[in-house]
Amino acid sequence: MQKSSNDLFSRIFESSREFKKVTTITTCAMFGALSVVLGYYSFKITPNLKIGFGSIPNMLVDYLFGPVVGSLFGGGMDIIKFMLKPDGGFMPGFTFNAMLAAFIYGLFLYKKPLSLKRMLAAKLVVAVLCNILLGTLWLSMINGKGYLALLPARAVKNLIQWPVDSLIFFLVAKTLEQAGVFKLILHAGNRQRR
């Protein structure tokens, strides 16, 4: 137990040190622009279910740079996307969700081997905690509808999307890893520190 908590805190500390690298900032800027562009494209499967790709660059930041960088990037991107394409009133709860989700992904993925099992676990925690429980709370506050009235439909939607979104991210990340993109990004950061 002691070793796992030390490992957890050391990865959080290492993630905070990623801000010292220019490569981290430039990669986040590039992925941020990509996230905005991809956010405009999605496939609507049903009126309430769509598959989008705007979150993939955010999760790549969580994987590459960890929970601290990821959470600040996620919160910043939520605000930027809202300013570029406002959809109703601004709700700080959704920004908190974006930051919490990124932190969770960072805890699961940063400095760990990429695996579908790990991605499914991370996505399930985010789906239940951030999307189903907290997301439903924010929506009930905005719409004035009862929390329990919204909960079942949101739970079904998120549990259907959970394996699909996990598989999409895993395939994209694995392809980029095999192509050497991650090594190139991380190697450029190490070269600059010398």
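These numbers come from the heavy atoms of this one structure, side chains and all, not from hydrogens, waters or symmetry mates.
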- [ ] Might you confirm whether atom NZ of K145 has over 12 heavy atoms from other residues, nucleotides or ligands at distances under 6.0 Å?
- [x] no

Task: Crowding at CZ, F90 (>12 non-hydrogen neighbours, <6.0 Å) - done: yes

So which heavy atom on [X] is nearest to which on [Y], and how close?
| X | Y | value |
| --- | --- | --- |
| A173 | L114 | CB-CD2, 3.4 Å |
| G54 | P57 | O-CD, 3.4 Å |
| S15 | G66 | OG-C, 3.2 Å |
| V61 | F73 | CG2-CE2, 3.8 Å |
| D78 | A98 | CB-CB, 4.0 Å |
| G70 | A102 | O-CB, 3.1 Å |

With a 4.5 Å cut-off on side-chain heavy atoms, are [Y] and [X] touching?
| X | Y | value |
| --- | --- | --- |
| F65 | T27 | yes |
| F31 | L64 | yes |
| Y110 | V69 | no |
| L133 | Y147 | yes |
| K85 | Y40 | yes |

- [ ] Please confirm whether the backbone N or O of G74 pairs with a side-chain atom of N58, one donor and one acceptor, at under 3.5 Å?
- [x] no

Task: Main-chain N/O of V68 paired to S71 side chain as donor or acceptor, under 3.5 Å - done: yes

Which distance, rounded to the nearest 0.5 Å, do you find between the [atom1] of [X] and the [atom2] of [Y]?
| X | Y | atom1 | atom2 | value |
| --- | --- | --- | --- | --- |
| M77 | S55 | CE | OG | 11.5 Å |
| E177 | K174 | CD | NZ | 4.5 Å |
| F170 | M59 | CZ | CE | 12.0 Å |
| F103 | C130 | CZ | SG | 11.5 Å |
| L186 | T24 | CG | OG1 | 8.5 Å |
| L124 | M119 | CG | CE | 10.5 Å |

If you group Ile, Leu, Val, Met, Phe, Trp and Tyr by side-chain heavy-atom gaps below 4.5 Å, do [X] and [Y] land in one group?
| X | Y | value |
| --- | --- | --- |
| F169 | V181 | yes |
| L176 | I56 | yes |
| L148 | L134 | yes |
| V128 | F94 | yes |
| I104 | L116 | yes |

TODO: List the steps, then state whether side chain to side chain contact (heavy atoms under 4.5 Å, CB included) holds for N131 with W162.
DONE: CA-CA 11 Å; N131 300 346; W162 161 56; over 6 Å; no

- [ ] Answer yes if the side chains of S35 and K81 hold a donor-acceptor pair under 3.5 Å, and no otherwise.
- [x] yes

- [ ] Report yes or no: do Y105 and K123 form a side-chain donor-acceptor pair below 3.5 Å?
- [x] yes

TODO: Begin with the C-alpha distance, continue with both residues' side-chain angles, and end with the deciding distance and a verdict on ring pair (Phe, Tyr, Trp, His ring centres under 6.0 Å) for Y63 and F182.
DONE: CA-CA 10 Å; Y63 171 68; F182 297 151; 5.2 Å; yes

Open item on the list: For a side chain to side chain contact (heavy atoms under 4.5 Å, CB included) check, start with the C-alpha distance between S10 and E14, then their side-chain angles and the critical distance, and finish with the verdict.
Closed with: CA-CA 6 Å; S10 71; E14 283 180 51; 4.3 Å; yes

Open item on the list: I'd like to know whether L137 forms a side chain to side chain contact (heavy atoms under 4.5 Å, CB included) with M141, so could you lay out the CA-CA distance, the side-chain angles of the two residues, the decisive distance to 0.1 Å, and finally the verdict.
Closed with: CA-CA 6 Å; L137 175 64; M141 290 170 69; 4.1 Å; yes

Task: Candidate pair L107 and I12, rule side chain to side chain contact (heavy atoms under 4.5 Å, CB included), full reasoning - done: CA-CA 8 Å; L107 288 179; I12 291 171; 3.9 Å; yes

